[in-house]
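Whatever order the structure lists them in is the order used to number ligands and atoms, beginning at 1.
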Amino acid sequence: MNNARDKTRQIRIGTLSLGGGSPVAVQSMLNTRTADVTACLNQIDALRCQGCEIVRVAIPSSQHLAAFEQICALSPLPVVADVHFDYRLAVAASVQGAAKLRINPGNIGGFDRLNAVLDAAHAADIPIRIGVNAGSLAPRYQDDRRLSLAEKLVASALEFTEHCALRGFEQLVLSVKAASVPDTLAAYRSLSRELPEFPLHLGITEAGVSLAGTVKSAIGIGSLLEEGIGDTLRVSLTASPLEEARVGWEILSALELRQRHPYLISCPSCGRCEVDLIGIATKVEQRLKEVQLPVTVAVMGCVVNGPGEARRADVGVACGRGQGAIFKAGKVLYTVDESQIVEALLSEIASLSLAQTVEPN
Ligand code: SF4
């Protein structure tokens with residue numbers, strides 16, 4: 001499909017390529033204290049295991065720069081320096097191992113300060129994200145009653161991007177986030193039309209706690225990705241960053257853009273179901289969190305849709321009265337008692353994993 005994502009400029013964030021048709025990258029932000037280097041590195045490693053590809057670390061003050069430098073030196077993932085208010089922190093981070101800088105036009109100060117950040121990023125050969133956020137727009141935009149929120153977000157991004165271009169700095173990623181899904185969609189669609197060459201970082205900011213935040217992010221980020229817009233995503237949840245990475249991958253899997261983790265298909269169950277399907281599916285979902293294989297698993301309640309979905313999946317079960325027929329690669333293998341369904345599915349998934357390990361490339 002010919003889409004906006006294929007036409008953006010490709011930039012590098014550490015060893016990762018972003019934009020220009022590269023796979024949509026999943027990122028998150030640490031919620032450990034930056035000064036606690038061990039806790040930060042542990043969380044980075046846990047995020048890496050969840051498929052997170054870029055991590056962002058807050059630098060609240062100059063007292064956190066030494067810790068930030070250590071985190072960058074030891075992190076297995078590219079680290080983005082998240083800086084607000086004090087441009088000097090961004091300048092310092094650029095020589096301390098940051099793979100990218102994230103600054104906010106609404107609070108980084110005037111263009112003279114931005115110039116210092118641009119020059120530092122240029123010298124370090126790292127990109128910058130211009131992260132415009134509805135909650136921290138510059139006062140001149142906040143007070144402008146002629147513009148909608150989406151127009152304000154885009155105007156701020158355009159203003160900063162044009163200044164960066166005049167300064168000869170174009171290694172930019174842009175974001176225009178709001179907590180409202182419609183405002184965010186309008187802003188990104190407009191930005192993608194106005195500046196098609198720049199990679200876009202997608203997100204619904206302050207999306208909320210787990211369920212509401214996941215729904216908003218899936219609709220907002222998912223809609224844009226489906227339209228071909230967006231090169232990287234961060235799901236912002238009032239929850240663990242690990243959950244953010246998981247939801248990010250679920251969005252990519254649901255759109256069939258990328259798959260890394262198992263993809264679970266399960267029916268809602270109904271009056272025809274004669275097993276504890278919700279219990280079985282919940283246990284399978286829990287156990288699949290440990291599986292690092294892009295396998296599709298179907299857990300189905302009866303013969304109505306069960307055999308069809310189970311046959312289409314890599315591994316599946318179609319349940320009947322107190323038992324389940326186990327499918328693999330489109331064929332029924334055997335039938336087990338309800339109490340053995342979870343283990344049987346996991347065992348068949350493990351055999352797929354083993355086959356993938358021993359198969360030559
Ligand atoms: S597959 Fe069977 S149990 Fe599941 S929702 Fe459909 S009819 Fe009901």
Side-chain angles (χ1 to χ4, degrees), residues 50-51 181 207-223 225-226 235 237 239 242-356:
Q50 288 299 324
V181 172
V209 292
S210 209
L211 177 61
T214 297
V215 171
K216 286 172 71 177
S217 298
I219 295 170
I221 296 171
S223 299
L225 288 174
E226 178 57 16
V235 173
L237 298 179
L242 306 188
E243 190 63 18
E244 295 187 349
R246 276 196 283 270
V247 173
W249 275 102
E250 286 291 338
I251 293 171
L252 293 176
S253 290
L255 290 169
E256 299 179 9
L257 284 174
R258 294 181 76 187
Q259 193 178 347
R260 179 180 188 276
H261 297 291
Y263 185 56
L264 178 61
I265 294 166
S266 61
C267 81
S269 86
C270 67
R272 289 184 191 85
C273 190
E274 295 182 277
V275 296
D276 172 19
L277 194 81
I278 295 175
I280 293 169
T282 304
K283 280 186 198 144
V284 171
E285 182 191 39
Q286 197 59 32
R287 296 280 300 276
L288 288 179
K289 286 181 180 168
E290 309 304 322
V291 176
Q292 305 279 331
L293 194 69
V295 62
T296 300
V297 181
V299 177
M300 301 295 295
C302 82
V303 293
V304 174
N305 293 319
E309 292 292 354
R311 200 168 276 126
R312 257 194 300 278
D314 296 306
V315 173
V317 61
C319 296
R321 185 175 299 166
Q323 56 185 19
I326 304 296
F327 288 69
K328 187 161 86 172
K331 294 196 171 65
V332 183
L333 298 184
Y334 47 82
T335 299
V336 294
D337 184 78
E338 176 178 357
S339 62
Q340 295 165 339
I341 288 173
V342 176
E343 289 309 323
L345 289 173
L346 266 293
S347 155
E348 296 308 330
I349 293 165
S351 72
L352 284 177
S353 171
L354 202 62
Q356 221 179 56

Please give me the minimum heavy-atom distance between [X] and [Y], naming the atom from each residue.
X      : Y      : result
Val291 : His261 : O-ND1, 4.2 Å
Ala281 : Ser266 : CB-CB, 4.1 Å
Gly306 : Ala318 : C-CB, 3.6 Å

> In ligand 1, which numbered atoms sit nearer than 4.0 Å to a non-hydrogen atom of Val304?
Replying inline: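 Near Val304, the atoms of ligand 1 are 7 (S).
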> What atoms of ligand 1 come within less than 4.0 Å of a heavy atom belonging to Gly301?
Replying inline: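 With Gly301 as reference, the close atoms of ligand 1 come out as 3 (S), 4 (Fe).
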Around [atom], find the nearest protein heavy atom and jot down its residue, atom name and distance.
atom                    : answer
atom 4 (Fe) of ligand 1 : Cys267 SG, 2.4 Å
atom 2 (Fe) of ligand 1 : Cys302 SG, 2.3 Å
atom 8 (Fe) of ligand 1 : Cys270 SG, 2.3 Å
atom 6 (Fe) of ligand 1 : Asn305 ND2, 3.8 Å

> Taking atom types as modelled and ignoring hydrogens, do the side chains of Tyr334 and Glu348 form a donor-acceptor contact shorter than 3.5 angstrom?
Replying inline: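 Yes.
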> Ion pair present between Arg287 and Glu343, side-chain N to carboxylate O less than 4.0 angstrom?
Replying inline: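 Salt bridge present between Arg287 and Glu343.
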